[in-house]
Amino acid sequence: MVKEKTQKAKKEKAPKPKYNMAQNSWFMIKLAWTSKEKKVLVLSLLSALTAVALNLINLYVSPTILSVVERKASVTELIVTIVVFVVALMLVSAASSYVNKNTLYGRISVRCEIITLLNNKAATTSYPNVYDEKFEKLEIKSQESTKSNRAATEAIWTTFTDLTTNIIGFVFYVVLMTQIQPLLLVAILTTTIVSYFVSNYLNEWGYRHREEESEYVTHIYYLDRRLSDLTVAKDIRIFGLRPWLDELYAKGMAAYTAFQNKAQGVYIWAKIVDLILAFLRNAIAYAYLIGLVIDNGLSVSEFLLFFSAVGGFTAWVSGILGGFNTLHTQSLDLSSVRECLEYPEPFKFEDGEPIEAEANRLYEIKLENVSYRYPGADKDTLTNINLTLRPGEKLAVVGLNGAGKTTLIKLICGFLDPTEGRILLDGKDIRDYNRRDYYKMFSAVFQEFSLLAGTIATNVAQDSVGIDMDRVVDCVEKAGLRKKIESLKDGYETYLNREVFEDAMLLSGGETQRLMLARALYKNAPFIVLDEPTAALDPIAESEMYQKYNEMTSGKSSIYISHRLASTRFCDRIIMIADGGIGEEGTHDELLKAGGKYAELYEVQSKYYKEGEDENEEN
């Protein structure tokens, strides 16, 4: 399976990045400038200059001291020479250490600025992008490119510094090397370049096989995550899954180890090639310089200087080639980041017409010939829907699982735009509005809701600053949770979410539902939407919870979704979604009298409710 996926990945040609190396480099420089971290640029340049200075001091220290000895200069001159170099090394080393230490903070700040931009994009992007596979991949890649100091968005500054250092050093050494024999320079340059590209090709074996490695790592990571997941601990024990999971993990590790062994075999050949070419390069340099000593009387100090320069020159050339190669790789990551940040938005936001949500005003929402098909789907999920949510009306949307109820709610709430037809708010197409303003029209509780890693008050207010505590208490009381919360040691300051806080409170399913009700009440929007948030509760508990919502949202336009028909009998109107459209419409009593699918389904469900009640009575 892994091999098949790997072969498929090889066949798929990687898309060309939108931005090249120069464009991405300028993007980072401009970002550092605009994010008020100009010191990153200055310190990177100073770091390169001090690195070159240190290299040149180390290059000349031994030959210079040896030259003084060869001239049989006085002890005083020898001591002064040594002291000068020692002081120079101390000063430049101190400056280099100071610069390198302080440049780190600015680099982290620039990376954090990118993280902030990405988080803002993810939190505010048009909802259809959530379903877009390309956007999802860009988002994942962007997160990888910002998660550590070694990630491209921060490491690129090290690459800039190293490249600048190598280029400046290369220029100095070219001037020095041309004093002896240009042909020697060509020989060294040739062997260095050949060594670099051959070794680089072999060393990139892992990169070329990254898809295969990713399969092994993903397999191991998944098993490791599942084995340490407390939510599946009971299943592992009840079904005796431990030996089977251990076997899968062992096989995954064995396959990954075999892959790494194969990679190491390739890397050894890279080292052998590099060793051979390095020996050849040094042999040429030795032979030529020894010839100069014999024929031209080259001094020992000059011999040492030029031979050291040969090694240094090789390092500068390799550094430049490697630097550009690294920059190219980092540029690919940065291109993904930029493409994610600039991903097209199908909705209007700031360029849309503003609208203010008035809590006490009654609005009308109308769907005209609305159809919707998910990207890549063969057919519409909903087809030709005509529906009006009247001001102040309580509307129930029912139907079997997968009928399209949630899709309908996403359309009404503005998360999705119809593929055909239009949705009107008081007669105006919602596509013309600022979509963020439109979202403020709804207080909603969906099937999947989140508990923030914060206090109970924070979770109710959905904010961490400017919380109206009187309003929080009032909403919690209306939701029937005040007695529970105020019995806790820290009351409304009790933390939730144990993934972050070890001492966090664990609420029961019913208590969590009531907290969600308090959250919806706190927002106080014109529309209330409940998309099966109580699906995990038993029918009686769900019915009670819906009645509670009904009482607390009196006077609001409300939409209730449930696949349990008894829960929404109190609504003014019920529509049943079936076969991609509105199959039946009316009050609960009207639909029962009609004797259609609604009545048939209600009868089936009622039978189970009665059986459950009989069993409870017997127990």
Side-chain angles (χ1 to χ4, degrees), residues 364-373 379-413 416 418 421 423 444-447 513 527-551 553-554 556-614:
E364 178 188 83
I365 293 180
K366 188 174 185 180
L367 283 69
E368 291 185 346
N369 304 314
V370 167
S371 297
Y372 184 79
R373 178 179 299 188
K379 61 178 183 178
D380 292 341
T381 300
L382 295 173
T383 304
N384 199 33
I385 299 289
N386 287 283
L387 174 67
T388 300
L389 177 60
R390 305 177 189 110
E393 182 182 25
K394 298 187 185 303
L395 175 71
V397 181
V398 300
L400 297 175
N401 288 334
K405 303 186 298 294
T406 295
T407 301
L408 178 62
I409 290 303
K410 288 178 179 177
L411 287 163
I412 292 173
C413 290
L416 301 173
I423 300 172
V445 183
F446 299 107
Q447 295 179 40
Q513 291 296 331
F527 293 96
I528 300 293
V529 177
L530 304 182
D531 181 12
E532 293 195 271
T534 58
L537 301 181
D538 62 74
I540 296 175
E542 182 188 62
S543 181
E544 291 176 352
M545 186 61 66
Y546 270 57
Q547 286 292 343
K548 189 72 175 178
Y549 277 115
N550 180 40
E551 294 169 11
T553 58
S554 178
K556 300 278 188 183
S557 298
S558 309
I559 305 175
Y560 300 87
I561 293 184
S562 179
H563 63 276
R564 293 168 179 158
L565 308 189
S567 298
T568 54
R569 286 179 296 180
F570 63 87
C571 290
D572 301 321
R573 184 164 48 121
I574 299 171
I575 61 171
M576 184 168 185
I577 303 296
D579 301 322
I582 299 176
E584 298 178 45
E585 181 176 354
T587 65
H588 175 73
D589 292 336
E590 288 172 349
L591 292 176
L592 288 182
K593 289 179 182 178
K597 288 184 178 180
Y598 179 91
E600 182 182 333
L601 184 58
Y602 183 78
E603 179 62 27
V604 171
Q605 292 186 355
S606 297
K607 178 182 176 182
Y608 286 114
Y609 298 157
K610 291 174 183 177
E611 288 178 358
E613 290 173 359
D614 293 341

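- For Ser371 against Thr383, the heavy-atom pair with the smallest separation is OG-CA, 3.5 Å.
- In terms of the side chain to side chain contact (heavy atoms under 4.5 Å, CB included) criterion, residue partners of Ala403 (sequence neighbours excluded) are, by chain and number, Ile577.
- In this structure, Lys597 NZ and Asp579 CG are separated by 4.5 Å, a value rounded to the nearest 0.5 Å.
- Legend: residues meeting salt bridge (Lys or Arg N to Asp or Glu O under 4.0 Å) with Asp572, ordered by chain and number and at least two apart, are absent.
- Atoms CD1 and CG, from Ile423 and Leu389 in turn, are 12.0 Å apart once rounded to the nearest 0.5 Å.
- The structure places CG of Leu387 at 5.5 Å from CG of Leu367, a figure rounded to the nearest 0.5 Å.
- Under the side chain to side chain contact (heavy atoms under 4.5 Å, CB included) criterion, Lys593 pairs with no residue at all, not counting sequence neighbours.
- Nearest heavy-atom pair, Pro418 versus Tyr372, reported as atom, atom and distance to 0.1 Å: CA-CD1, 4.3 Å.
- Between atom CD of residue Glu585 and atom CD1 of residue Ile574 there is a gap of 10.5 Å, rounded to the nearest 0.5 Å.
- Side-chain contact between Leu408 and Ile559: absent, with no pair of heavy atoms (C-beta onward) separated by less than 4.5 Å.
- Between Leu591 atom CG and Arg569 atom CZ the span is 13.5 Å, to the nearest 0.5 Å.
- With sequence neighbours left out, the side-chain hydrogen bond (donor to acceptor under 3.5 Å, both in side chains) criterion links Thr407 to Tyr374.
- Remark: Lys366 NZ is loosely packed, at most 12 non-hydrogen atoms of other residues, nucleotides or ligands lying under 6.0 Å away.
- With sequence neighbours left out, Asn369 forms a side chain to side chain contact (heavy atoms under 4.5 Å, CB included) with Asn384, Asn386.
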Give the table of side-chain donor-acceptor pairs shorter than 3.5 Å for residues 392-400, with sequence neighbours excluded, one pair per line with atom names and distance.
from: Glu393; atom 1: OE1; to: Arg390; atom 2: N; distance (Å): 3.0
from: Glu393; atom 1: OE1; to: Arg573; atom 2: NH2; distance (Å): 2.9
from: Glu393; atom 1: OE2; to: Arg390; atom 2: NH1; distance (Å): 3.2
from: Glu393; atom 1: OE2; to: Arg573; atom 2: NE; distance (Å): 2.6
from: Glu393; atom 1: OE2; to: Arg573; atom 2: NH2; distance (Å): 3.2
from: Lys394; atom 1: NZ; to: Thr553; atom 2: O; distance (Å): 3.3

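- A heavy-atom distance below 4.5 Å is not found between the side chains of Phe527 and Ile412.
- Summarising the geometry, atom CG belonging to Leu416 is positioned 11.5 Å from atom CD1 belonging to Ile409; distances are rounded to the nearest 0.5 Å.
- Scored by the ring pair (Phe, Tyr, Trp, His ring centres under 6.0 Å) test, Tyr598 finds His588 as partners (sequence neighbours excluded).
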